[in-house]
**Q** 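Next up is a structure, given as structure tokens.
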Amino acid sequence: MKIAIWGQELTAWVAAGTLAHAGNDVRIVNDSTVQDPILRMGTNILNEPGLKDLICDEFAKGRLQFTTSGGATQFDIHMLCMNPSEFDAAKQIVSKLGKFTQNKLLIINQSLFGVGCTDELQGLLKKENNQIAAFLTENIAEGEALNNMRHPKAITLGCDNPWANMMIESLLRPFTRQLDQMLIMSTREAEFAKMATTGMLALRIGYINELANLAEQLDVNIDVIRQSMGADPRIGHHYLSPGCGFGGNSFSQSIKGLADLLSEKRNSQLLDTVLRENEKQKEQCFRKLWRHYKADISGLQIAVWGASFKPGSSSLDGAPSLKVIEAIIAQGATVRIHDPEALDNIERLYGGHPQVITCKDKYEALANTDALLILTEWDEYWSPDYEALLEQMHQPVIVDGRNVLSRDLLESLGFTYYGIGR
């Protein structure tokens, strides 16, 4: 199949690479003067595991290329993989495609513009000529995007046109051989289902964080409470780990979209409250550090392990680390940062700042420090060399924002330990 892909989001590049690898003739719409895919991808997308090699390989084989917006009008299948804020641009694209195409036209919208937006796009097309706009739920996560695309557990498709359904199912066929569920519904229902799922995950994260904060006041261990809750089959363990807040541009934008919809239609502040409390949760690790040093950290050296908003990503979008770093330097302390992927992005933000030091080795980041804050649960942080920690640190204080370490072990070794709800 011949497919044009609109957008520069992670979803666009993952779809382009995997669909080209499956044998399709794929074009990424690019009207800029930059024609190097590496430069167009940007740092965060380039760091997605396996994606850079896939894109370069498919460009070399010719199955994946750039085209202009004018050149894209010759294609009959288009995927919109755009930022939620780009709905006006999407309407212009679809309107142009509808005018230039006289035959069948399939618009597959993977951008969560809002409930009813795919219907609005459909209104710009000639449905009687089989010009169809469908909504295909995007279910990829940074750090696991290629695997999510190649081996989905379930697919939600918003479309009521038999021809469009047949085309989309054929397009996805290479990735659905082990699919558990293919759910087909109206476009509005599919858009709402995606927003509802994201909102539920946010509620679970917000709830367990609130419980963790309460557990500290009640002198109980949230790990025990979490295990008990997860053992109930009605609840399970998924997204039930307390921490120092969630981030991610796409995730947060989706929650904000549903929060606005709930507020407008239902006068509900449920998700607005979750978002507000999440911003407060990002400050928890700094607050614990602040209290430990009795509100004076001026001149101290603070190590931070983990700057990205989640493991497997270099993105700092909404990352708790940003609030922590700002608070530390505002109080006159120096922060020494290690992250396996995000250091380049940290240096773009703080390069040259005398109080921000980036370290390629996690133990180097600990040199003469007065505390270690763990803000992202990268695998390499779960089982460190504790003797090296004691040797490097000036004061053996650990604030574990992801509960990755054993409190009992650390305290037996002489560390002062603060977790989330422990």
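For reference, positions follow the sequence shown, starting with 1. Side chains are part of it too, since the values below use all heavy atoms of this structure and drop only hydrogens, waters and symmetry mates.
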**Q** For a quick check under 3.5 Å, do T358 and E347 share a side-chain donor-acceptor pair by atom type?
**A** yes

**Q** Sequence neighbours left out, what passes side-chain contact (heavy atoms from CB on, under 4.5 Å) with I225? Give chain and number order.
**A** I222, M229

**Q** How about I302 and V324: do any of their side-chain heavy atoms sit closer than 4.5 Å?
**A** no

**Q** If you apply the rule side-chain hydrogen bond (donor to acceptor under 3.5 Å, both in side chains), what do you find for Y350 with E326, and how did you get there?
**A** CA-CA 10 Å; Y350 295 102; E326 288 293 332; 2.6 Å; yes

**Q** For D57, enumerate each residue passing the side chain to side chain donor-acceptor pair (under 3.5 Å) test, keeping only those at least two apart in sequence or located in another chain.
**A** K61

**Q** Are the side chains of L203 and L271 in contact, using a 4.5 Å heavy-atom criterion?
**A** yes

**Q** Taking side chain to side chain donor-acceptor pair (under 3.5 Å) as the definition, give me every residue that meets it alongside Q74, ordered by chain and number, with sequence neighbours left out.
**A** none

**Q** Judged by atom type as modelled, is there a donor-acceptor pair below 3.5 Å linking the side chain of E216 to the main-chain atoms of G421?
**A** yes

**Q** Under the side chain to side chain donor-acceptor pair (under 3.5 Å) rule, collect the residues that match up with D31, sequence neighbours excluded.
**A** S69

**Q** Begin from the C-alpha positions of S32 and N30 and carry the test side-chain hydrogen bond (donor to acceptor under 3.5 Å, both in side chains) through to its verdict.
**A** CA-CA 6 Å; S32 80; N30 176 22; 2.8 Å; yes

**Q** Is H237 atom NE2 crowded by more than 12 heavy atoms from other residues, nucleotides or ligands, each under 6.0 Å away?
**A** yes

**Q** Crowded around N267 CG? As in, over 12 foreign heavy atoms under 6.0 Å?
**A** no

**Q** For R173, which residues count as a side chain to side chain donor-acceptor pair (under 3.5 Å) partner, sequence neighbours excluded?
**A** none

**Q** Test T137 against N139 for side-chain hydrogen bond (donor to acceptor under 3.5 Å, both in side chains), laying out the working first.
**A** CA-CA 6 Å; T137 301; N139 285 319; 5.3 Å; no

**Q** When you look at NZ of K256, are more than 12 heavy atoms from neighbouring residues, nucleotides or ligands closer to it than 6.0 Å?
**A** no

**Q** Any heavy-atom pair between the side chains of V397 and D370 that's under 4.5 Å?
**A** no

**Q** Might you point out which heavy atoms bring A212 and I420 nearest each other, and give the distance in Å?
**A** CB-CG2, 3.8 Å

**Q** Looking at Y293, I want to see if its OH is surrounded by more than 12 non-hydrogen atoms of other residues, nucleotides or ligands under 6.0 Å.
**A** yes

**Q** With sequence neighbours excluded, tell me which residues meet salt bridge (charged side-chain N to carboxylate O under 4.0 Å, His left out) with K96.
**A** none

**Q** Hey, are the side chains of F87 and E120 touching, using non-hydrogen atoms and a 4.5 Å cut-off?
**A** yes

**Q** Checking the side chain of E48 only, and the main-chain atoms of A145 only, is there a donor and an acceptor separated by less than 3.5 Å?
**A** yes

**Q** CG of D232: more than 12 outside heavy atoms within 6.0 angstrom?
**A** yes

**Q** So do the side chains of V335 and L373 get within less than 4.5 Å of each other, counting heavy atoms only?
**A** no

**Q** Report yes if some heavy atom in the side chain of Y207 is under 4.5 Å from a heavy atom in the side chain of V274; otherwise report no.
**A** no

**Q** For the residue pair V399 and H292, establish whether any side-chain heavy-atom pair is separated by less than 4.5 Å.
**A** no

**Q** Please report the closest heavy-atom contact between P37 and I55, naming both atoms and the distance.
**A** CB-CG2, 4.1 Å

**Q** How close do P84 and F113 get, heavy atom to heavy atom, and via which atoms?
**A** O-CD2, 3.5 Å

**Q** Taking Y381 as the fixed residue, which of K362, H338, R402 is the one that meets the side-chain hydrogen bond (donor to acceptor under 3.5 Å, both in side chains) rule?
**A** H338

**Q** E279 and K282: which non-hydrogen atoms are nearest, and at how many Å?
**A** OE2-NZ, 2.9 Å

**Q** If every non-hydrogen atom of A4 is compared with every non-hydrogen atom of A72, which pair is closest and at what distance?
**A** CB-CB, 4.1 Å

**Q** Test E411 against R407 for salt bridge (Lys or Arg N to Asp or Glu O under 4.0 Å), laying out the working first.
**A** CA-CA 6 Å; E411 290 182 342; R407 175 177 182 169; 3.0 Å; yes

**Q** Count the heavy atoms belonging to other residues, nucleotides or ligands that lie under 6.0 Å from CD of Q35, then report whether that count exceeds 12.
**A** yes

**Q** Using 4.0 Å as the upper bound for N to carboxylate O, is an ion pair formed by K280 and E277?
**A** yes

**Q** Looking at side-chain heavy atoms only, is the closest gap between V26 and L64 below 4.5 Å?
**A** yes

